[in-house]
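Single-structure report; data block below.
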Amino acid sequence: MQAIEVNELHKRYGSTVAVHDVSLSVRQGEIFGILGRNGAGKSTTVECVAGLLRPTSGTVRVLGLDPHRDRDRVRQVLGVQLQSSDLHNALTVRELVRLYRSFYGDGADPDELIDRVGLTSRRDHRFENLSGGQQQRLSVALALVGNPRVALLDELTTGLDPQARRDIWALVEDLRSDGVTVLLVSHLMEEIERLCDRIAIIDAGRIIALDTPAGLVSGAGLGQRVRFQVNGPFDQAVLDRLPEVTSVRVEGGQVTVRGDGDLLQSVSRALVHGNIIATETRLERPNLDDAFLALTGRALNDDATTEDSR
């Protein structure tokens, strides 16, 4: 049995289609990422999985349970952390975590969990007096206090400083080690690359690619790049005829060579034979950022063009 199964999910708000026929399966114990720009339909998809939204059509199952029909049973196995939380301002961190712990038959020790998300010094502070990053860490604690078998984490580390972000990443990696399934929504490429076993890229409400991080990069058909500086005249024909080279671009003293195979070695050898002095030479391999741009036609942080900002 899959931990999460989504089949032909469709969600419409009036005339706006937020999610269009999304299908995916998440294996138990897997960290599965959903990547896309703002407005792509990421959060709408997750809220349908959580049972917070009812799909216009299609089906969703969490450990074989329907999030709406089996709502009470799903709540006992599912932890949810959303982009924003509307919590009681007058309650302290400890009071909120203990309150949420009372909703479950089994769960984590509240004080230990507070320590794990880095809120030890803020445990007796009211929610209204926490910074945005501290509120985010608290929302993660509340999602995990019931020891869920499946966790939905939406923009997990928004507002966190680099060290706090890495601490939360380590916590998520511990969840995987414990066999917890994680559905992670993010627009942070480093977060997705570090944590996720597989990734679905959503664009304009549709899944346009689904693979491992390395598989997405490989499948985008991107080659390598060699960049270097030259301080004098440069005849790019020296490189154009190399079988490993697909293109050469010269902008001022900056040369960018695209290709594949042993590109760096081939370019370096040709420059030596041509008595061309190159400096600041570096090899750049394609990464997930490059694959996302190739697959969607726009960078991850470009403004969304859809009306749905979810």
Side-chain angles (χ1 to χ4, degrees), residues 1-86 100 103-104 139-140 142-144 146-156 172 175-176 179-187 192 195-211 306-310:
M1 180 177 62
Q2 300 291 320
I4 299 172
E5 292 184 274
V6 178
N7 292 303
E8 298 181 351
L9 177 66
H10 189 92
K11 180 61 181 177
R12 178 187 294 272
Y13 298 95
S15 61
T16 300
V17 177
V19 176
H20 186 80
D21 291 336
V22 164
S23 295
L24 57 87
S25 295
V26 182
R27 298 186 284 263
Q28 295 189 43
E30 180 178 32
I31 300 180
F32 188 99
I34 297 182
L35 181 65
R37 286 179 299 273
N38 291 334
K42 308 185 304 295
S43 293
T44 298
T45 299
V46 168
E47 290 178 16
C48 287
V49 173
L52 301 174
L53 292 176
R54 189 178 293 274
T56 304
S57 62
T59 62
V60 176
R61 296 292 182 269
V62 177
L63 296 173
L65 303 172
D66 184 307
H68 288 279
R69 187 181 63 238
D70 306 310
R71 181 181 299 272
D72 290 341
R73 293 171 65 191
V74 168
R75 284 177 175 172
Q76 293 301 310
V77 296
L78 180 67
V80 181
Q81 173 262 323
L82 300 177
Q83 290 187 44
S84 59
S85 301
D86 187 14
Y100 273 62
F103 300 156
Y104 302 94
S139 69
V140 173
L142 298 180
L144 302 180
N147 282 341
R149 293 171 58 193
V150 177
L152 308 183
L153 306 176
D154 191 355
E155 301 297 352
L156 174 68
V172 173
L175 292 177
R176 175 170 50 197
V180 177
T181 302
V182 177
L183 183 61
L184 175 66
V185 178
S186 181
H187 69 278
I192 287 284
L195 295 177
C196 295
D197 301 300
R198 291 188 299 145
I199 304 166
I201 294 179
I202 293 186
D203 193 46
R206 299 175 182 267
I207 291 180
I208 62 170
L210 196 163
D211 207 333
T306 60
E307 294 179 29
D308 171 31
S309 62
R310 305 162 61 121

Exercise for the section: Given side chain to side chain contact (heavy atoms under 4.5 Å, CB included), test Lys42 with Glu155 step by step and report yes or no. Expected result: CA-CA 10 Å; Lys42 308 185 304 295; Glu155 301 297 352; 3.9 Å; yes

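- Of the possible polar contacts, one joining the Thr56 side chain to the Arg12 backbone as a donor-acceptor pair under 3.5 Å is found.
- Put simply, OG on Ser43 and CG on Leu152 are 11.0 Å apart, with the number rounded to the nearest 0.5 Å.
- Distance CG/Asn147 to CG/Leu175: 9.5 Å, rounded to 0.5 Å.
- For His68 (side chain) and Leu53 (main-chain N/O), a donor-acceptor pair under 3.5 Å exists by modelled atom type.
- Expressed to the nearest 0.5 Å, how far OG of Ser186 lies from CG of Leu35 amounts to 7.0 Å.
- Considering every non-hydrogen atom in both Ala50 and Val80, the closest pair reads CB-CG2, 4.0 Å.
- Defined by atom type and a distance below 3.5 Å, a donor-acceptor pair is missing between the side-chain atoms of Asn7 and Ser23.
- The number of heavy-atom neighbours closer than 6.0 Å to CZ of Arg73, taken from other residues, nucleotides and ligands shown, is 12 or below.
- Counting heavy-atom neighbours within 6.0 Å of Glu8 CD, excluding the residue itself, gives a total of 12 or less.
- Looking at residues two or more places apart in sequence or on another chain, you find no salt bridge (charged side-chain N to carboxylate O under 4.0 Å, His left out) involving Arg75.
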Practice task
Check the pair Phe32, Ile4 against side chain to side chain contact (heavy atoms under 4.5 Å, CB included), reporting the backbone distance first and the verdict last.
Solution key: CA-CA 10 Å; Phe32 188 99; Ile4 299 172; over 6 Å; no

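- Taking Arg176 as the reference, Asp197 meet the salt bridge (charged side-chain N to carboxylate O under 4.0 Å, His left out) condition, with sequence neighbours excluded.
- Here the straight-line distance linking atom CD1 of Ile199 with atom CG of Leu24 works out to 13.0 Å at 0.5 Å rounding.
- Considering CD1 of Ile34 and CD1 of Ile207, their distance stands at 7.0 Å, rounded to 0.5 Å.
- A salt bridge is defined here as a Lys NZ or Arg NE, NH1 or NH2 lying under 4.0 Å from an Asp or Glu carboxylate O, and Arg37 with Asp203 meets this definition.
- Between Leu184 and Leu156 there is a side-chain heavy-atom pair separated by less than 4.5 Å.
- Closest non-hydrogen pair, Leu78 versus Tyr104, comes out as O-OH, 4.3 Å.
- Checking side-chain atoms of Lys11 against main-chain N and O of Arg54 turns up a donor-acceptor pair under 3.5 Å.
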Handout entry: Audit row: Leu82, Leu52, side chain to side chain contact (heavy atoms under 4.5 Å, CB included) steps and yes/no
Key = CA-CA 11 Å; Leu82 300 177; Leu52 301 174; 3.4 Å; yes

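- A donor-acceptor contact shorter than 3.5 Å links the side chain of Thr181 to the backbone of Gly29.
- Expressed to the nearest 0.5 Å, how far SG of Cys48 lies from CG of Leu9 amounts to 4.5 Å.
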Problem - Intermediate values then yes/no, side chain to side chain contact (heavy atoms under 4.5 Å, CB included), Arg61 and Asp66 - result: CA-CA 5 Å; Arg61 296 292 182 269; Asp66 184 307; 3.3 Å; yes

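- Among all heavy-atom pairs drawn from Ala143 and Pro148, the shortest one is O-CG, 3.6 Å.
- Between Asp211 and Arg198 there is no salt bridge, since no side-chain N of the basic residue sits under 4.0 Å from a carboxylate O of the acidic one.
- Judged by distance alone, the side chain of Gln2 and the main-chain N or O of Gln28 form no donor-acceptor pair under 3.5 Å.
- Here the side chains of His10 and Val19 are not in contact, with every heavy-atom distance at 4.5 Å or above.
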Exercise for the section: In sequence, state the C-alpha distance, the side-chain angles, and the governing distance for Arg206 and Asp21, and then conclude on salt bridge (Lys or Arg N to Asp or Glu O under 4.0 Å). Expected result: CA-CA 7 Å; Arg206 299 175 182 267; Asp21 291 336; 5.3 Å; no

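- The shortest non-hydrogen separation linking Pro67 to Val49 is CG-O, 3.3 Å.
- Between Val150 and Leu63, some side-chain heavy-atom pair lies under the 4.5 Å cut-off.
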